[in-house]
Amino acid sequence: MIKISPSLLAADFSRLESEIKRVEDGGADWLHLDVMDGAFVPNISFGPCVISSLRKHSGMFFDVHLMINEPIRYIEDYKKAGADAITVHIEACSDVAETLKKIRALGLKSGLSIKPATPVSAITPYLELCDIVLVMTVEPGFGGQKLIPETVDKVRQVSELCRAKGLDVEIEADGGITPENVSSLIANGLNVAVAGSAVFKAEEPSKAIELLKGE
Ligand code: DX5
Ligand code: ZN
């Protein structure tokens, strides 16, 4: 069964502690934390201070998605803040391998993400350094967008590549995922579905999570 990683970006920021509890009680597997710098993406969200405050109130697996330029500069800060996994963008790193190695050296799961226009071939040389590959199914920067259908095939390509190389990698997709379109992603090899609006805007997150898992 796939894991669900609700994106906190869609939560009510005035009461984050209870929002996290709502999805944790609802059966969420991970918590997806979207960090944006206003440079790599045209939006700003939150940083390590917020994450370390949340860490004190939750034992969930913190799946940190860094949408920032040259993330290598901040890996230690996010480790200290309580990240369990750190995913960086291939488009944002001048040294992709060093960045992924640094994440692993700190004992965290390493993730590499690609924007919709970046081909899967770009990440092939780095797959051995990845615990997670995150396929963006929308342009990064904002929650609540529609999934771009052409990105679904990239999930299949990543999953086939990992299988061919015998690598045990979590294949995650992010953006516009709903109970209606998740089955096509699962059929193409998805292991982890990020869902912001579909979970946090639901009246009953547990129902939404169940539907997303295809239960
Ligand atoms: C977009 C973020 C996503 C987004 C997902 O840049 O990386 O995690 O918040 O939200 P929904 O599920 O609402 O598209
Ligand atoms: Zn994200």
Side-chain angles (χ1 to χ4, degrees), residues 1-36 41-46 50-51 54 57-67 83-85 87 89 109 111 113-116 132-156 158-159 170-215:
M1 192 185 299
I2 66 158
K3 296 185 184 76
I4 305 298
S5 189
S7 163
L8 195 67
L9 204 59
D12 178 346
F13 276 32
S14 68
R15 45 193 182 99
L16 289 178
E17 186 186 351
S18 60
E19 286 283 80
I20 293 178
K21 198 161 177 336
R22 213 158 67 93
V23 298
E24 189 167 12
D25 293 347
D29 302 278
W30 291 1
L31 185 70
H32 189 79
L33 296 146
D34 286 307
V35 174
M36 303 178 179
V41 288
N43 196 6
I44 295 175
S45 57
F46 49 78
V50 170
I51 296 175
L54 297 175
H57 299 283
S58 172
M60 288 185 86
F61 183 94
F62 278 9
D63 169 32
V64 175
H65 177 193
L66 295 183
M67 285 163 275
D84 294 295
T87 295
H89 271 267
K109 300 270 183 222
S113 183
I114 44 173
K115 298 210 282 183
I132 300 167
V133 168
L134 175 58
V135 175
M136 285 308 301
T137 41
V138 299
E139 280 302 332
F142 300 91
Q145 305 180 69
K146 278 218 158 61
L147 178 141
I148 300 168
E150 293 73 29
T151 59
V152 175
D153 192 60
K154 291 167 80 180
V155 171
R156 182 190 59 78
V158 174
S159 124
E170 300 273 19
I171 301 170
E172 188 173 18
D174 183 6
I177 299 180
T178 64
E180 290 73 39
N181 62 26
V182 73
S183 51
S184 65
L185 292 162
I186 296 172
N188 282 286
L190 186 79
N191 304 120
V192 186
V194 176
S197 318
V199 172
F200 278 103
K201 308 279 192 230
E203 230 159 81
E204 286 184 64
S206 59
K207 280 258 162 63
I209 290 168
E210 242 176 60
L211 288 172
L212 284 163
K213 286 191 174 187
E215 281 170 354

Residue set satisfying side-chain hydrogen bond (donor to acceptor under 3.5 Å, both in side chains) with Glu180, at least two apart, ordered chain then number -> Thr178

Do Leu54 and Phe62 pass the side chain to side chain contact (heavy atoms under 4.5 Å, CB included) test, and can you show the C-alpha distance, the side-chain angles, and the key distance before you say yes or no? CA-CA 10 Å; Leu54 297 175; Phe62 278 9; 4.1 Å; yes

With sequence neighbours excluded, what pairs up with Glu17 under the side chain to side chain contact (heavy atoms under 4.5 Å, CB included) test? His57

Whether the Ser45 and Asp34 side chains hold a donor-acceptor pair (N or O, under 3.5 Å, no angle test) is what I'd like checked. no

Salt bridge (charged side-chain N to carboxylate O under 4.0 Å, His left out) pairs touching residues 188-206, sequence neighbours excluded, are Glu204-Lys207

Distance-only check: which donor-acceptor pairs under 3.5 Å involve side-chain atoms of residues 182-192, not counting sequence neighbours?
from: Ser184; atom 1: OG; to: Asn181; atom 2: O; distance (Å): 2.9
from: Asn188; atom 1: ND2; to: Ser184; atom 2: O; distance (Å): 2.7
from: Asn191; atom 1: OD1; to: Ile171; atom 2: N; distance (Å): 2.8

Only counting residues at least two apart or in another chain, list the ones meeting ring-ring contact (aromatic ring centres under 6.0 Å, His included) with His89. Phe40, His65

Listed partners of Phe61 passing ring-ring contact (aromatic ring centres under 6.0 Å, His included), at least two apart: Trp30

List in chain and number order the residues that pass side-chain hydrogen bond (donor to acceptor under 3.5 Å, both in side chains) with Arg22, two or more places apart in sequence or in another chain; answer none if no residue qualifies. Glu19

For Asn43 and Gly141, indicate whether the former's side chain and the latter's backbone hold a donor-acceptor pair under 3.5 Å. yes

Pairs satisfying side chain to side chain donor-acceptor pair (under 3.5 Å), at least one member in residues 135-152, at least two apart: none

Partner set under side-chain hydrogen bond (donor to acceptor under 3.5 Å, both in side chains) for Asp29, not counting sequence neighbours: Lys213

Those residues that, when tested against Glu24, pass side-chain hydrogen bond (donor to acceptor under 3.5 Å, both in side chains) (two or more places apart): none

Looking at residues at least two apart in the chain, or sitting in another chain, which of them share a side chain to side chain contact (heavy atoms under 4.5 Å, CB included) with Ala28? Pro6, Val23, Met60, Ile209

Any residue meeting salt bridge (Lys or Arg N to Asp or Glu O under 4.0 Å) with Lys115, in chain and number order, not counting sequence neighbours: none

Any ion pair linking Glu170 and Lys3 (charged N to carboxylate O, less than 4.0 Å)? yes

